[in-house]
Number of protein chains: 2
Amino acid sequence: MSVVPEQPDQSDPSLRLLWRHRTASPEEPRTKRGPKQKVSVDEVVDAAIDLADAEGLAAVTMRAIAQRFGLGTMTLYSYVPNRDALLVLMADQATGRTVLPDLPENPRKRLELVARLQYDELRAHPWLLEVQDVRPWLGPNMSDRYEWQLRAVDGLGLSDLEMDQTVAVLMGFAGNIARSELMKRRAEKVTGMTEAEWWAANYDTLSEVMAGSHYPLANRVGTAAGEAYQAATDPARELDYGLARIIDGVLAHVAERSPD
Amino acid sequence: MSVVPEQPDQSDPSLRLLWRHRTASPEEPRTKRGPKQKVSVDEVVDAAIDLADAEGLAAVTMRAIAQRFGLGTMTLYSYVPNRDALLVLMADQATGRTVLPDLPENPRKRLELVARLQYDELRAHPWLLEVQDVRPWLGPNMSDRYEWQLRAVDGLGLSDLEMDQTVAVLMGFAGNIARSELMKRRAEKVTGMTEAEWWAANYDTLSEVMAGSHYPLANRVGTAAGEAYQAATDPARELDYGLARIIDGVLAHVAERSPD
DNA sequence: GACATCTTCGTACAGCGTACGAATTTGAAG
DNA sequence: CTTCAAATTCGTACGCTGTACGAAGATGTC
């Protein structure tokens, strides 16, 4: 009991991989025996990102990526510990592709920008929505992003905790709109019909099957939505509406606290 | 061109399965040749729900469910067309387990109830978050739920479209909180550490690797969060805060339009 | 009794992540 | 230059998944 037991390094191995470009490289060019790697980790991750953009996250298989470089499948495991780690690397690297614009003066516009930037990014890389479920990724680009987001809500009169929560609400909301849009696109691909076509094709079945139930409000609202944009939902308007309400709520909150 | 071509029934086959209990049964007890089914669709779906509750959605495999009933794996396919259809049935059936309480008079409390009911349900059945990605399910219990949600936002002064969007915002927000909670639990299971332990174990690595980057706000906010609840996030407070802001925004919106 | 219909389910296949270990290539040490 | 250790490459194999196919068995109707 007098000797400190061996600590088997509980630290997450993929952290160093995530930050590989920014580490101050204490003794970087160490022993370099063995053959040189034919490609770089960045190239692997970039290829995976492109694949996910083009064909969805399900198409990002170790075999498929390896084939892109003419490598054996198992060779990838000398670049990346496993698939989940690759997904995290993809997420951070994709995040790094978005340049962060200067923040406007106007508080409302600042909050809007945070949400819309996230939304645009998720439209460009919808698979980020699925990767989010894998792990809370704490990479360099994600950290930059978070700091930028906090700057957007700084100085409004929110507490530190409220700043974090406000960012979370905005990000989550943007993600939800992007997700519903993704689901819509997927449904169209799977069924081979547009949303309007699906409703037309299933109208008879639906009215037969729902004959015994009464949905006065749902019918009224559904009809209104259908007439407004020939579909059950319209992401762009949902974004405008929800974002306005959320920002209203946040700004009202700080205004109430410090009424000039 | 004079004969109407055969319509190959574009309608979704799982719709009738979803509504199997409410169909007015036009000629229900038709030909009933062949052996009787040993279990019912409801039993299969219930078993799948219990399995998902206990061990997560990944544990819901066709083989595992079949084994629960002592059936051959392929036998399940005479109950349910495929796994995705089963997931949709699970979602609707689980939704049906939640009883919908009467709506309060107070508008704020009504909106809060909509969000909190959703949140509680997602805590009870976290796998619903993953099923949501499979398909927009239009089952009887989900339809009941939607009608109830619309009643909660009816009479506030919102347009039909805004009613739908408001419900969507509340549902999405509740889902996000539930999701972050789920991810936190998963991370703890995977790493075998609590969140606080993870930060402790990775503190050295993190500060080494982030040495070259500056995150003044993130550090300040992170420290505040850590002190407040010994973790990076606290779902219960996020729920309270975000919900209050969103409801503020919605109520302000309708108040502004019809100022009594 | 014959037949059509429905249920049951064993086998098989393609695809996945990845554990394992052998073969190969390279830089450093003697 | 030789020797050796370390690093990379990658073929094979395993267990897991959903499910297509077709045979076998059970049951109600004619």
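Letters A, B, ... are given to chains in the order of the sequence lines, protein chains preceding strands, and every chain is numbered from 1. None of these values were measured; they are calculated from a predicted model.
Note: CZ (B:F69) to C1' (C:dT8) measures 15 Å, nearest angstrom. Rounded to an integer number of Å, the gap from NZ of A:K38 to P of C:dT26 is 10 Å. Look at CG on A:L76: it is 14 Å from P on C:dA19, rounded to the nearest Å. Between A:D84 atom CG and C:dT18 atom C1' there is a gap of 12 Å when expressed in whole angstrom units. Atom CZ in B:R83 sits about 12 Å away from atom C1' in D:dT19, given to the nearest Å.
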Under-3.5 Å N/O pairs linking protein and nucleotides 10-12 of chain C:
none

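Between C:dT7 and B:Y79, no contact under 4.0 Å exists linking OP1 or OP2 to a side-chain N or O. Dashed line: the shortest gap from a side-chain N or O of B:T75 to OP1 or OP2 of C:dT7 is not under 4.0 Å.
In this structure B:S213 satisfies the side-chain hydrogen bond (donor to acceptor under 3.5 Å, both in side chains) test together with A:R22, sequence neighbours excluded. Qualifying side chain to side chain contact (heavy atoms under 4.5 Å, CB included) partners for A:R68, counting only residues two or more places apart in sequence or in other chains: A:A47, A:D50, A:L51. Remark: B:A168 pairs with A:E238 by the side chain to side chain contact (heavy atoms under 4.5 Å, CB included) rule, at least two apart or across chains. Partners of A:P81 by side chain to side chain contact (heavy atoms under 4.5 Å, CB included), not counting sequence neighbours, listed by chain and number: A:L17, A:A85. Legend: residues meeting side-chain hydrogen bond (donor to acceptor under 3.5 Å, both in side chains) with B:E197, ordered by chain and number and at least two apart, are absent. Residues satisfying the side-chain hydrogen bond (donor to acceptor under 3.5 Å, both in side chains) test with B:Y119, not counting sequence neighbours, are B:E181. For A:D92, the side chain to side chain contact (heavy atoms under 4.5 Å, CB included) partners are A:L18, A:P140, A:N141, A:M142, not counting sequence neighbours. B:Q93 pairs by the side-chain hydrogen bond (donor to acceptor under 3.5 Å, both in side chains) definition with B:R20, B:D46, not counting sequence neighbours.
Under 3.5 Å, the side chains of B:T98 and B:E121 contain a donor-acceptor pair of N or O atoms. Under 3.5 Å, the side chains of B:E43 and B:S40 contain a donor-acceptor pair of N or O atoms.
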Can you give each donor-acceptor pair under 3.5 Å made by side-chain atoms of residues 55-67 of chain B, sequence neighbours left out, with the distance rounded to 0.1 Å?
residue, atom, partner, partner atom, Å
B:T61, OG1, B:A64, N, 3.0

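When the nearest nucleotides of DNA chain D are assigned to A:Q37 and B:A64 by heavy-atom distance, the more 5′-ward of the two goes with A:Q37.
Within residues 41-62 of chain A, the residues having any heavy atom under 4.0 Å from DNA chain C are, by residue number, A:V60, A:T61, A:M62.
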> In B/S/- notation, 5' to 3', how is nucleotides 23-28 of chain D contacted by protein heavy atoms closer than 4.0 Å?
Replying inline: --BBBB
